[in-house]
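Nothing fancy with the numbering, it's 1 onward along the sequence. These numbers come from the heavy atoms of this one structure, side chains and all, not from hydrogens, waters or symmetry mates. Indexing begins at 1, ligand by ligand and atom by atom, following the structure's order.
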Amino acid sequence: MARTAPLAALAPALLLVACASGGGTATPAPDAPPASTAPAEPEVWVAPDVAARLAKYAPTTLTADISALPDGERRALGELIAAGRVMDEIFLRQVWTGNPELRDLVAGYQGADAEAVREFFDVNFGPWDRLAEEEPWLSTFPKPPGAGFYPPDLGKEDAERWMAEHPGQADAFRGTFSVVRRVGNDEGEDDELSIVPYSQEYRPLLEQAAAHLRRAAAATGNASLRRFLELRAAAFLSDDYYDSDVAWMELDAPVEVTIGPYETYEDALFGYKAAFEAFVTVALPEESAKLAGYKAELPWLERNLPIPDEHKNLQRGSDSPIRVVDLVFAGGDAAAGVQTIAFNLPNDERVREAKGSKKVLLHNVLRAKYDQILVPIAQRTLAAEELSHLSFDAFFNEVLHHELSHGLGPGRIRVGGRETEVRLELKELYSPLEEAKADVMGVYDIYALVERGRMPRELLDTLPATYLAGLFRSARFGVHEAHGRGVVSQFNYLLEKGALSVDAEGRFRVVEERFLPAITDLLRDYLMLQARGDYAGTAAFLDRYGKATPALEAAIARLADVPVDIRPSFPLAEQLAPGE
Ligand code: ZN
């Protein structure tokens with residue numbers, strides 16, 4: 001394998017040169033970063049619009065009411081926040097091994113927009129912009145697709161060849177909880193690969209995190225939390241997460257925490273390696289209890305779907321718990337870029353089979369996105385009289401019933417006498433269709449639960465307009481991508497059925513009497529495409545309805561000054577976290 005100069009060593013050196021010679025001034029700011037990996041003239045490049053990039057995230061305070069928490073739970077919460085901060089440190093290294101050194105240099109940076117540079121570094125966990133397809137905003141080298149999980153110059157083909165040459169280690173290479181590093185071979189060349197488990201690669205940090213978890217376990221009076229924390233602390237040092245994942249499913253405590261290596265999106269090379277993260281939260285038991293009531297309605301909701309009985313999925317289990325919590329600290333992967341509003345874990349299929357999965361909704365994050373993003377979007381896209389028909393309650397319930405809808409409707413199906421799954425038949429169109437189905441079924445189910453007397457009728461005053469504003473919120477992430485086409489298809493279908501109208505100023509409104517009938521028709525169409533496993537039909541549907549119209553493009557263009565996401569600060573983290 002031929003090797004180029006390791007990028008990891010390069011960038012910090014470049015910054016050093018610039019800082020030493022120019023007093024930290026950002027050197028000539030071209031309009032776009034030159035796409036070089038090894039420039040002959042070392043220079044640091046800071047995107048001239050770093051402040052504008054940072055402004056896409058609205059600063060937001062996230063906290064929770066902990067007045068009812070006993071002392072021991074508060075101490076546990078503080079230790080968990082401290083453990084969450086260790087996840088920041090590990091994730092920083094997982095994004096790029098050169099990051100800790102780069103961060104030190106950024107800390108001393110004194111050029112233009114120095115404060116924005118430091119904050120934007122923290123938002124992105126490194127020199128690449130997560131809202132701009134990871135383009136470099138600091139210095140000029142591209143992000144290695146394998147992030148900090150593999151040698152930065154390791155290509156996919158090199159890796160495949162290595163696995164073919166080392167069949168005994170191929171499974172380890174694909175492991176979720178390990179990194180791949182280079183080691184010297186007999187000729188002294190840096191050519192051999194070695195698989196290093198997380199427990200070894202990040203040992204000192206994982207020991208710190210485990211110590212915080214054990215102190216939290218000693219402080220809490222809740223047995224299910226204590227059990228999870230003790231098992232998770234052990235898993236940090238053994239790389240065996242199964243037992244602690246099971247204990248997480250059984251966790252039911254005033255202080256809820258999700259901490260460890262979970263999602264694999266950061267590994268854009270293979271998607272094998274899990275990134276460390278933490279959601280430290282305070283439970284909202286009353287909200288969770290309300291949801292438990294809806295869960296009991298799931299079999300009824302399945303029977304109530306607007307499709308023939310033969311296509312209904314009446315055998316599905318619905319054991320998965322749902323929790324509503326307030327976020328008091330996000331660490332690592334959970335803190336990078338766009339903030340999560342709801343998640344469904346664990347990903348380990350063995351745990352999902354044995355125990356199902358748990359959905360967690362982050363109530364205060366949803367509230368912040370409603371206030372900071374959804375309302376301003378509505379103000380720029382909806383007709384004036386619609387603005388009094390928005391509510392957080394409708395937004396929260398639409399998100400909740402979207403999540404629940406993923407568990408309803410066709411899953412395993414028969415096509416031409418063959419047993420199969422919707423997912424397998426619809427291939428790359430599955431996910432845009434399934435997401436659009438969940439949006440529309442969420443609305444349909446809320447209407448149904450109101451009729452059934454399980455939800456308050458007032459909700460229907462604000463549901464349609466809040467749903468419509470939500471479509472614009474989703475559409476701005478890209479109307480030309482697969483997911484965007486699912487969103488656009490809802491919009492165009494409802495417009496064609498006369499359930500939406502647009503006025504001369506390009507403002508949208510809901511035509512109330514046509515709204516529920518059109519939602520019902522649209523849901524039936526989505527569900528039948530799924531029930532038949534109809535790939536060609538789905539493609540034709542998305543072709544017909546999934547293209548952005550000039551009116552929609554114009555509406556999205558008016559959103560340029562609305563923040564894309566929030567940038568949280570966590571006052572409880574300052575208040576509660578213990579010193580080292
Ligand atoms: Zn979804």
Cation-pi, [Y] ring and [X] (6.0 angstrom, 45 degrees):
| X | Y | value |
| --- | --- | --- |
| K358 | W248 | yes |
| R452 | W300 | yes |
| R367 | F392 | yes |
| K273 | F177 | no |

Problem set entry | Qualifying residue, where the test is ring-ring contact (aromatic ring centres under 6.0 Å, His included) with F91 and the options are W96, F125, Y198 | F125
Exercise. What protein N/O/S atoms lie closer than 2.8 Å to the Zn ion (ligand 1)?
Worked result: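 Only H402 NE2, H406 NE2, E435 OE1 fall inside 2.8 Å of the Zn ion (ligand 1).
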Exercise. Is atom CD of E133 surrounded by more than 12 heavy atoms (other residues, nucleotides or ligands) closer than 6.0 Å?
Worked result: no
